Amino acid sequence: MNFIVDAAVKAVKALYQADIAAADVNLQQTRKEFEGQVTIVTFPFVKFSRKSPEQTGQEIGAFIQNEVAEVSGFNVIKGFLNIVITDAYWIKQLYTEIASSGFGHFAPNGQKVMVEYSSPNTNKPLHLGHIRNNLLGYSVAEILKANGYEVIKANLVNDRGIHICKSMLAWQKFGHGETPESSTLKGDHLVGKYYVVFDQEYKKEIAELVAQGQTEVEAKKNAPLIIEAQQMLEKWEAGDKEVIDLWETMNSWVYAGFAETYKQLGVDFDQYYYESKTYLLGKDIIEEGLQKGVFYKKYDGSVWIDLTADGLDEKLVLRANGTSVYMTQDVGTAQLKYDQYHADKSIYVVGNEQDYHFKVLFLILQKLGKSWANGLYHLSYGMVDLPSGKMKSREGTVVDADDLMAEMEQTAKIQTEALGKTADFSETDKNQLYHMIGMGALKYFLLKVEPKKRLLFDPNESIDFQGHTGPFIQYTHARIRSVLKRSGFELNGQAATVTELADVELELVLSLNQFPETIAQAAKDYSPAIIANYVYELAKTYNKFYHEKSILQAEDEQSKQFRLTLSAATAKIINKSMRLLGIDVPERM
RNA sequence: GGUUGCAUAGCUCAAUUGGAUAGAGCAACUGCCUUCUAAGUAGUAGGUUCCAGGUUCGAACCCUGGUGCGACCA
């Protein structure tokens, strides 16, 4: 729509002798109840014209219509200049742009971006909160790719620390040598089970000590289990062979389990980082910062940064005994990532509970003079809460990722079979379809909401398959493919066959035309929700068209060919949009 | 205590980044399948955009002060 903006700039210059930039022209889609396709808001120009908004609109409208061949008319309502563009323009747009294979595909922009997401702990299986994280990370990565970035998907695995030792210790004490093979439990679930066992036994010990007269705080410190777990961590850090062997064994179980979950979810990574290898990084940078005077040492030898001038607090970056805190290793890991990839941007997909942490981290890196610190971004998202409140692994009040995915598939199966649509499907095709639909419903449910908003999930209310849902969009795609298949039509550089458009057809072309700017906006905001809402609108518009206009029994051959082109283009863009969300669409359902 | 995010129809969410009469889905009610897939579609009903001020041609959106829920920092 650049030619309209240019014409508007020209109009203001010619009519009112004022120079305005293209960005000053407020262009938007015309509301459906008015005639026209694009609207210019005239209020900002009133100060140049010194006339009423209506009059200003009339003058600019007349100028543009005269200037631009594709503009066939205009109207001004309450200061809004609605511009009518010819059907011929839109038909040409459909055939030469929208239906072409490169539509919505941006050329490489030469920039590299790293997206870190998932970042699980190896002491428990993934839950619904992780699913949101994984889907967001994967989708944002795909969206950035579509915008021309080179993307590196990274996963920083938290594979060490006291929490891991808890699982290890509980397994040693109460596991009786149980393995994934012997228990038929998925590896991550087996390890997670002992994390819960630890907590239960630990609580028993605390209760006992309290009964013996200790305070709760004392008991928590003195319980034998927690002391033993701490000793285990020390042994791990000292490289004790027995502990390391156990750690490696149990981690390998967890990784096998995660691999399966990731596969089901359809996410992947280009680069793994392990905290067991990065947790000692960053100390040299702290030293460097001390030299530069960015940090200061307290009397006890601990190292701090004073961020009070930036509205934050003083923050510890190295303990008095020289050991790291989270901040230390995050500083080090950021440097490691940059040295390795020199990415222009680096995105951390992490929950909003860590907003403060990342604010501090980025600020520290900036103060250290790291040129790349400006490219860091924390994609913060809201927690997934249950009606009962926050999910807690230790207390077992979580919606397990594997369970939920299996349930969704099962529901998809029941619903599909009730509709009797898969009678002639092979067993493999059926399972593939149920997986596609179940995951489509789940993924769409999580991604259609703005990332920063927190999400309520009620396990007792199943995720819908009708209305504003993934399956609705998948269904629309399958429906189009069915029509195309009957006619044997595929997009293949056909020439335009009609010269006029019906209202629903025009509406559909306009919606399709929005695709590239939608992708750009989604990347700018790091928001898959923008794509999700767009593709829903598109599917709805198509269904309206489908309902009103017969395709295969069109009035004449020209209309039929045109509607097939329109349908094929819609199917393609639905497919592309859904792929950006990590959702597959079926040929039949 | 300090910092920060959120608050829109009974419920779940939108609103082209300050634009026209705030839109969808679910739930409720009424139509449309011997015609391209009814997981669809057409319609009815549902609103003091948390409250009170302010900024301007125009505020759900920006500013100030509250209220409620959450998170984080001590």
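The model shown is predicted, which means the values in this text are computed figures rather than measured ones. In the text below, chain A, chain B and the rest are named by the order of the sequence lines, each starting its count at 1.
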Exercise. Would you indicate what A:Glu450 reaches in the nucleic acid, counting non-hydrogen atoms under 4.0 angstrom: base, sugar-phosphate, or nothing?
Key: sugar-phosphate
Quiz item: Any donor-acceptor pair under 3.5 Å joining the side chain of A:Lys421 to the base of B:U37?
Solution: yes
Quiz item: A:Phe465 has an atom CZ; how far is it from atom P of B:U37, in whole Å?
Solution: 22 Å
Quiz prompt | CA sep, side-chain torsions, deciding dist, call: A:Ile574, A:Ile480, side-chain contact (heavy atoms from CB on, under 4.5 Å) | solution = CA-CA 10 Å; A:Ile574 288 178; A:Ile480 298 173; 4.3 Å; yes
Quiz item: Which nucleotide sits closest to the side chain of A:Asp464: B:C26, B:U37, B:U8?
Solution: B:C26
Quiz item: If you measure from the P atom in B:U17 to the same atom in B:C61, how many Å do you get, rounded?
Solution: 16 Å
Quiz item: In whole angstroms, how far is the P atom of B:U37 from the CZ atom of A:Phe545?
Solution: 14 Å
Quiz item: How does RNA chain B look in dot-bracket notation if pairs are Watson-Crick or G-U with both distances under 3.5 Å, crossing ones as [ ], other-strand ones as |?
Solution: (((((((..((((.....[...)))).(((((.......))))).....(((((..]....)))))))))))).
Quiz item: Whole-Å distance between B:C69 P and A:Asp385 CG?
Solution: 14 Å
Practice problem: May I ask whether A:Tyr475 stacks on the base of B:G40, given the cut-offs of 5.5 Å between ring centres and 30° between planes? | Solution: no
Quiz prompt | A:Ile77 side chain, from C-beta outward: closest of B:A20, B:A39, B:C36 | solution = B:A20
Quiz prompt | Gap in Å between the two C1' atoms, one belonging to B:G23 and one to B:G70, rounded | solution = 28 Å
Self-check item: A:Trp304 six-ring face occupied by A:Lys315 cation (under 6.0 Å, within 45°)
Solution: no
Exercise. Would you indicate, yes or no, if B:U21 has its OP1 or OP2 atom less than 4.0 angstrom from a side-chain nitrogen or oxygen of A:Lys78?
Key: yes
Exercise. Consider the side chain of A:Asn543, meaning its heavy atoms from C-beta on, and name the nucleotide among B:A20, B:C36, B:U41 that approaches it most closely.
Key: B:U41
Exercise. Write down the distance separating the C1' atoms in B:A15 and B:A59, rounded off to the nearest Å.
Key: 13 Å
Quiz item: Can you tell which of B:U17, B:C73, B:G25 lies closest to the side chain of A:His468?
Solution: B:G25
Quiz item: If we take the C1' atom in both B:A24 and B:U8, what is their distance in whole Å?
Solution: 13 Å
Quiz prompt | B:A39 base / A:Thr416 side chain donor-acceptor hit below 3.5 Å | solution = yes
Practice problem: Looking at every strand, decide which applies to A:Tyr356 at a 4.0 Å heavy-atom threshold: base, sugar-phosphate, or nothing. | Solution: sugar-phosphate
Quiz item: Under the criterion salt bridge (Lys or Arg N to Asp or Glu O under 4.0 Å), which of A:Arg563, A:Lys549, A:Lys560 is the partner of A:Glu555?
Solution: A:Arg563
Quiz item: If you check the A:Lys453 side chain, which of B:A14, B:A20, B:U37 turns out closest?
Solution: B:A14
Practice problem: Mind checking A:Lys549 for me? I need base, sugar-phosphate or nothing, with any heavy atom below 4.0 Å counting as a touch. | Solution: base
Quiz item: Taking the side chain of A:Gln28 as its heavy atoms from C-beta onward, which of B:G19, B:A39, B:C73 lies nearest to it?
Solution: B:G19
Quiz item: Should A:Phe3 and A:Tyr89 be marked as a ring pair (Phe, Tyr, Trp, His ring centres under 6.0 Å) after you check the CA-CA gap, both sets of side-chain angles, and the distance that decides it?
Solution: CA-CA 12 Å; A:Phe3 63 99; A:Tyr89 171 82; 5.3 Å; yes
Quiz item: Of A:Lys315 and A:Asn533, whose nearest nucleotide on RNA chain B comes first from the 5' end?
Solution: A:Asn533
Quiz item: When we call it a touch if two heavy atoms are under 4.0 Å apart, what does A:Leu27 touch: a base, just sugar-phosphate, or nothing?
Solution: nothing
Self-check item: Close approaches to RNA chain B from residues 580-589 of chain A, in residue order (heavy atom, under 4.0 Å)
Solution: A:Glu587, A:Arg588, A:Met589
Quiz item: Taking A:Asn133 for the side chain and A:Val349 for the main chain, is one N or O donor matched with an acceptor at less than 3.5 Å?
Solution: yes
Exercise. Under 4.0 Å between any heavy atoms, over every strand shown, what does A:Thr39 touch: base, sugar-phosphate, or nothing? Just pick one.
Key: base
Practice problem: Name the nucleic acid region contacted by A:Asn82, choosing base, sugar-phosphate or nothing; use a 4.0 angstrom heavy-atom cut-off, strictly under. | Solution: base
Practice problem: Measure the distance between the ring centre of A:Phe472 and the centre of the six-membered base ring of B:G40, then answer whether it is under 5.5 Å with planes under 30°. | Solution: no
Quiz item: So A:Tyr475 and A:Phe472, ring pair (Phe, Tyr, Trp, His ring centres under 6.0 Å) or not? Walk me through it.
Solution: CA-CA 5 Å; A:Tyr475 172 77; A:Phe472 165 81; 7.7 Å; no
Practice problem: Using a 4.0 Å heavy-atom cut-off across all strands, classify A:Val41 as base, sugar-phosphate, or nothing. | Solution: base
Exercise. Scan side-chain atoms only and decide if A:Trp90 and A:Glu505 contain a donor-acceptor pair under the 3.5 Å cut-off.
Key: no
Exercise. Could you tell me the separation between the CG atom of A:Leu552 and the P atom of B:U37, rounded to a whole number of Å?
Key: 8 Å
Quiz item: Given the rule in the salt bridge (charged side-chain N to carboxylate O under 4.0 Å, His left out) test, do A:Asp310 and A:Lys367 qualify, once you have shown the distances and angles that lead to the verdict?
Solution: CA-CA 11 Å; A:Asp310 299 280; A:Lys367 287 188 184 289; 3.2 Å; yes
Quiz item: Counting N and O atoms only, with roles assigned by atom type, does the side chain of A:Thr30 sit under 3.5 Å from a partner on the main chain of A:Val38, one being a donor and the other an acceptor?
Solution: yes
Quiz prompt | Whole angstrom value for the distance that separates C1' of B:G2 from NZ of A:Lys359 | solution = 12 Å
Practice problem: Grab the CG-C1' distance between A:Asn513 and B:U16 for me, whole Å please. | Solution: 14 Å
Quiz item: Nearest to the side chain of A:Leu419, which nucleotide is it out of B:A39, B:A14, B:C36?
Solution: B:A39
Exercise. Please state whether the base of B:U16 and the side chain of A:Glu517 form at least one donor-acceptor pair under 3.5 Å?
Key: no
Self-check item: Sugar-phosphate only, base, or nothing, as touched by A:Tyr536 at under 4.0 Å among non-hydrogen atoms
Solution: sugar-phosphate
Quiz item: Given the C1' atoms of B:C50 and B:G68, what is the spacing between them in whole Å?
Solution: 8 Å
Self-check item: Interatomic distance, A:Glu353 CD vs B:C6 C1' [rounded to whole Å]
Solution: 16 Å
Quiz item: With a 4.5 Å limit on heavy-atom distance, are the side chains of A:Gln514 and A:Glu517 in contact?
Solution: yes
Quiz item: Which value, in whole Å, describes the distance between the C1' atoms of nucleotides B:G25 and B:A20?
Solution: 25 Å
Quiz item: Looking at B:U37, B:U35, B:A24, which one has an atom nearest to any side-chain atom of A:Val483?
Solution: B:U37
Quiz item: salt bridge (charged side-chain N to carboxylate O under 4.0 Å, His left out) between A:Asp424 and A:Arg588: does it pass, once the steps are laid out?
Solution: CA-CA 11 Å; A:Asp424 62 331; A:Arg588 287 178 60 195; 3.0 Å; yes
Quiz prompt | Spacing of the P atoms in B:G47 and B:A38 (rounded, Å) | solution = 34 Å
Self-check item: Residue pair A:Met408 / A:His435, side-chain heavy-atom distance below 4.5 Å
Solution: no
Quiz item: How close or far is atom C1' of B:U37 from atom CD1 of A:Ile480, stated in whole angstroms?
Solution: 12 Å
Quiz prompt | Separation between the P atoms of B:A39 and B:A22, rounded to whole Å | solution = 34 Å
Exercise. Carefully, step by step, assess A:Glu507 and A:Lys544 under the rule salt bridge (charged side-chain N to carboxylate O under 4.0 Å, His left out).
Key: CA-CA 10 Å; A:Glu507 208 183 314; A:Lys544 191 173 156 194; 3.1 Å; yes
